[in-house]
Amino acid sequence: MAQWQELQSLANASLEQVHQLYSGSALPMEVRQCLAAWIEDQNWHQAAEPLSSHARMLFHSLLALLDDRMGSPGLGNEDFMLKHNLRKARRDLQATFEEDPEKFANVVANLLQEEQQILRLAYAGQQGGAAPAPSAPPQSDRQQEIQRRLADFQAALQDAERAFRHLEDAQDMFDFCYKVHYLPGENRTSDPEYTKQVQGLQAKLQKLDQSRRDVLAQMQQLLGRSETLRDFLQQELGAWRERQQSACLGAPADTSLLQLETWFTTLGKGLFQLLQLLRALGDLRHKVTYERDPLQVEPPLLEKRLQELLTYLLQSAFVVELQPSMPTSSKRPLVLRTASKFSVRARLLVRLHDRNCRMEAKIHIDRDPPKIRGFRKFNILTSNSKTLVAGDSPQNGLVCDFQHLTLKEQKVGGSGKGSKGPGEGPLAVTEELHLITFTLAYAYHGLELELETSTLPVIIISNNNQLSSAWASILWFNMLSADPKNQQFFVTPPPAPWPQLAEVLSWQFESVAERGLDKEHLHMLAEKLFGSKPSPESTLAWPKFSKDNASGFSFWAWLDGILGLLQDHLKQLWKDGLILGFVSRKQEKKLLKGKRTGTFLIRFSESILGGVTCTWVEHPESGPPAFRAVVPYTASELASLALPDIIHDYQLLAEENIPENPLQFLYPDRDRDEAFGRYYSQRQAGSLREKKEYLNQRLIRVSSRQTNESWQAEEELVAATQDLETLQLQPRDPGPLQTMPRGPGPLQTMPGGLGARDPEPLALQVGLGVPELLQPGPGAVEPQLVLQLVPEGQGTLQVGPGGLGTLQVMPGGLEMLQPVPGVQGMQQLGPGDQVTLQPEPRAVEPQLVLQLVPEGQGTLQVMPGGLEMLQPVPGVQGTQQVGPQGQGTLQPGSGTLEPPLALQLVPEDQGTLQVEHGGFELLEPVLGDLETLETVPVDLDMQEFLQSLVEGLDSGSGALETLEAAELMPGMLEAGVGGQERLSPRPARSTALLDHHDPFLPQADDGALPAASSFFAEANFPPLHIDLDDFQ
Amino acid sequence: MGQGSGRQERSKKLELATTETMQAEADIQSDKEETKETKTRDERLRLVFGMADLKNKAIGLYNIGQTCCLNSLLQVFLMNTHFTGILRRITVPSSTSQQRRSVPYQMLLLLEKMQSGKQKAVFPSDLACCLSAHRVKLFVQYDAAQLLLTLWNLVKSQVTNPELTEKLSDLYTIWIQEYMVCQECSFETKRNSSMITLPLSMLDSSSHLLRTLEECLHYFFCPEELTGHNMCFCEHCGKKTPFLQSMKLAHLPKTLILHLKRFCFRKSASIHKLCHSLRFPQVLDFSAVLTEEQCQADASEKASWQYELFAVVAHSGSTDYGHYCAYIWSLVECKWYCFDDSRVCQVLWDDVKCTYGHSDFHWGQTAYLLVYMKKNSW
């Protein structure tokens, strides 16, 4: 802004000073106002020097300009007064200074100087007094300083340009006088006139020399200040690089380059301007030069200094804006897979370029490969050069955006593709660091440079399963490497100080689930890593972080498993802080000890990759509090049932077979439903009457326990489980239950989908409620069967022959599993088993859960507590109790639209099962006789479904009319889809209790279950069938 | 270009008539001197209280022909109120010719000229003339450390008042004890010596770069073995023997000048400039930098070795041709200023830090002379 305008915008106090300044001034304010720009642009100081003709010239120019202004039509009538004043001022000025224009120049020069002083004071006062504008984004001191200095720099540059113009004028004037007056050929030393002229010339030359030196000093000063600016920008860029690096690791950091680009461009522009000015200054010497001309030696020095500065600025302004990443895993950049596309973008922050000159950027990989044996070599497929796009692109700036790049490994003679032979090199594939480099040929205003920049090191994998460990390497490198280009980093990877590692780990959680790790989490992790007394000085070695340890997986693999689980299933819960997560066993007890019964917390399993579990506390009437935990749920379970629903529906079979949910209060003291209410999946809505293809289904998790046993601490349970493994499952009768021990022990039979599980203490946890999912084949109607068996008690899993009967579930019973679309959608047959019918997920899915609990002496009791009834057929004893009512009615929930479905279970003598649906329809399956299952076909699908169940069972057991539960269970095991089952014996009595919770569902698809029959066949399973006659 | 070069030839015949204008200005100043006489009493009074320099402003000095080095050094002297306090008390030489030849007197005149006028910069022409009379030529590139020594010697020798000479010495002289121990007979010679600057090497004996000023100082006071052709003659042994040379710091002055030996000879015998970064602190505690063996001073002396940075004379360019400027902490205003000949501007410590140097920049500014001032000494 021009000085005069700036002055006018000052506060009143300062304006007063201006008025005072002009009140007695020889230069009236009207004139100052009228010719503001022109007056400020003249060199009055120089003109004020004695013997300068410049003053006279300026004075007359001013008068002429005033004349112009007065005659100009712009000043209309309303400005009559102004015109008058100007006229008067002109007259006065002429009268006063006609004879002495130097004095006038002096007056003006002083006025301008005083004005500057007023401005300076005013601004200094503002800075001290007024708080910074609140609207402006918070800027660091350095950022403000940069802004201020850039403004100063530009102002100083304008000053220098003005000084240069004055210098040019002065030189032209001298040149003219010199040509006119200096006549060296003739000897005119005697002529006094001539001597005077020469003396005048001499003085002018003196002045010229002084001006030149002054301009040079000004440029020196300007360069000195720009060096400081360069350092500041460098620091800002360094900070940005750090931010980018941590953002790559998932830290929340601002990686915008906008501000830096503006600064770099401004400074670059200024320096190029200075370069041109300097060259022009050097050119002045070609017109006039003299002995010891400062322009002879100084400009080259300045130019060298300036070029060095510019080179450095440009070099550092070429940055990788977006580090290479594959679109499929954008949260984990810097890991690239061969043959997968990736993109990377470089930017030149100095947005100056010659539009006539194409700038081409090239991309290279491992330009200077490190000397490491076996270091793989890659080629970048697709074009490796690109023209730098300028200005109008959406990114707006000098950008080269490489997209759709792919990498291909160079075949080294003999060695196979992608794989490294054993002992081929010291580094694993995921520890091999590669650098992608950009080069750019830059040319602008005669400065030609090759700029170069590199990405952070990338890791190139060939398979997705390397992603996790590759990411571990990326974390380690970016956390610890001092040199961002050190490709040899993993030859001797340094250990990580815990505080630094903790921060990076926290970022991982933050980026996956928007919530980092808090102090307690980190404390637990530190304890896990460093033992009981972690200190801030603790360091973790790379192998300990990333390489397998005793537990079979590395710390990182464990953590990454949890991250994966969080990302896919628990994001919201984690984000909202409902998952305590990292709590050690010890800590967990400490936390829960003082809480009331039913208080639970959710934590991650330490022994299973990607597992989450709930632990709750119970305070028995006497004795210490007991802590119970469910077998950790992993992704495969959570895929079918979300954790909040598990928590909501979780059942534990307690005394008197009343199922209860032990999870009542989320730690520390929050009502379960209040905490999780909003995450429960929507209860079934809709009506069966509507054309629903499938029944609603709902999975719940149930565990059970012995009524007459006190709670056991988990450790005890561990032992029990181990016992189980060795001792049990040897029924007195080698028959049906022998089918189970196929694996190392039935309890350890791991469902295929669940992956590896720890053999030892885990078996216990498994027992406590890992669900088994029987995934049906791809048939049309695919009910799903989930079986959860939880053994309790001493682990004596006795399935005696006496109990055999109790384990039998009549196929009729299964048929009776009537899908209930009701609110609860659950059939509880007792506190033991749980059978879930899970039809094809494509439909609206009603869900049905069947729980079978054998009770007493081979008695299967169908509890009326459930809304429906199922009749299991007891075994040998054949006593069968159909709950107190003998008939269950499904009451529709008031809040739902679903019509009620009533299921009538007719005791075996009748052999008919009646299912009433909403009072409108009646399903009458005939117990025992599968064929005679009659339903009133309200809904064809439903009937079909039931039919299919029957058929499924049928096929499962060959020509069976009946099907035993005992058969079913091994069948599921055989299918290898489910989880695990437990048979929980009841030592008090000689009968076995089938304790579990998992829905059974036979499948329509023949292929899914046949294994059962073959299995039975092998096991020499005595047909424990229940005679149909029993029911009829 | 033909025209241009033609002019060039002609113009070469012109010469800068420096001496003439200087003469003229010197005349002007001689009557100023009279007014000064009348004010003597007043002056004295102000001096006693150190008032005279309390309003000193930062004024530039025009470059009158490669005088950037001289200008920078003059600024360092004239911005130092301890020095100007002494300068103002000098006895004015009686004759005009003596006045013209007196360096301290010309410095004083220059100071007056700077502080009395309203100009942003003044010409140090008279002083330059005066110096050239003492064989300090104009239009010649100087090494700042060398010119400093010359200036110092001229000033000190020309201050006639013994009391002031004493004060000047106190202000600038470093006292060191040098020990020479013959490695064969353990004969020890001790010698007190004084110096005006500590010439600090930027490289250690194995040519490793020293990175901080503290390292340089420490290395400077490390004992050095003189062997080979450096051997000295031992009176006792009667032959040239290897010696161990060590220096101990005995006394530090108020104004301590450190010289960073950035220009060094390489094997090729060409002078080479070391551009690498060497950090120097704003506050320097000498007693903490040196070990017990490196000092030969009592506790009270050592307790006073607390310094604050006062000025940096920075050099930019190459060994053949360069430019000097000075960053000076104004003791009056408590601000940093950068003096680039006629251009003076206020700067910050960040700007001063830029003179640490940078191995990537061969033409940038690098600190060459560091001037530290004893804390609480004003």
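- The two atoms that bring B/Cys338 and A/Gln221 nearest to each other are SG-OE1, 3.1 Å, heavy atoms only.
- The part of B/Val344 that comes within reach of chain A is its backbone (N, CA, C, O), which places non-hydrogen atoms under 4.5 angstrom from that chain.
- The contact between B/Tyr62 and chain A is made entirely by side chain atoms (from C-beta outward), counting heavy-atom distances below 4.5 Å.
- Between A/Arg225 and B/Asp351 a salt bridge is recorded (basic side-chain N to carboxylate O distance below 4.0 Å).
- Scanning all heavy atoms of the two residues, the minimum distance from A/Thr228 to B/Cys354 falls at CA-SG, 3.2 Å.
- For the pair A/Glu227 (side chain) and B/Gly364 (backbone), a donor-acceptor distance under 3.5 Å is absent.
- Inter-residue side-chain proximity for B/Asn63 and A/Glu298 is flagged as met; some heavy-atom pair is nearer than 4.5 Å.
- Side-chain N or O atoms of A/Glu308 include one that pairs as donor or acceptor with a backbone N or O of B/Trp363 at under 3.5 Å.
- The part of B/His358 that comes within reach of chain A is its side chain, from C-beta onward, which places non-hydrogen atoms under 4.5 angstrom from that chain.
- With chain A as the partner, the residue from B/Gly317, B/Ser318, B/Cys345 showing the most heavy-atom pairs under 4.5 Å is B/Cys345.
- Within a 6.0 Å radius of CZ in B/Arg279, other residues, nucleotides and ligands contribute 12 heavy atoms or fewer.
- A salt bridge links A/Asp214 to B/Arg343: at least one charged side-chain nitrogen sits closer than 4.0 Å to a carboxylate oxygen.
- For the atom pair A/Gln220 CD and B/Gln365 CD, the distance stands at 8.0 Å (nearest 0.5 Å).
- For B/Cys325, no part lies near chain A; criterion is any non-hydrogen pair under 4.5 Å.
- No side-chain heavy atom of A/Glu291 sits less than 4.5 Å from a side-chain heavy atom of B/Phe139.
- The CE atom of A/Met219 sits 12.5 Å away from the CG atom of B/Asp340 when rounded to the nearest 0.5 Å.
- Between the side chains of B/Ser316 and A/Arg305, a donor-acceptor pair is found at a separation under 3.5 Å.
- With a threshold of 4.5 angstrom between heavy atoms, B/Tyr356 does not approach chain A through any atom at all.
- Contact record, B/Asp360 with A/Tyr312: OD2-CE1, 3.6 Å, taken as the closest heavy-atom pair.
- Other residues, nucleotides and ligands place no more than 12 heavy atoms under 6.0 Å from the NZ atom of B/Lys120.
- If you tally non-hydrogen atom pairs under 4.5 Å between each of A/Glu145, A/Arg149, A/Gln113 and chain B, the highest count goes to A/Arg149.
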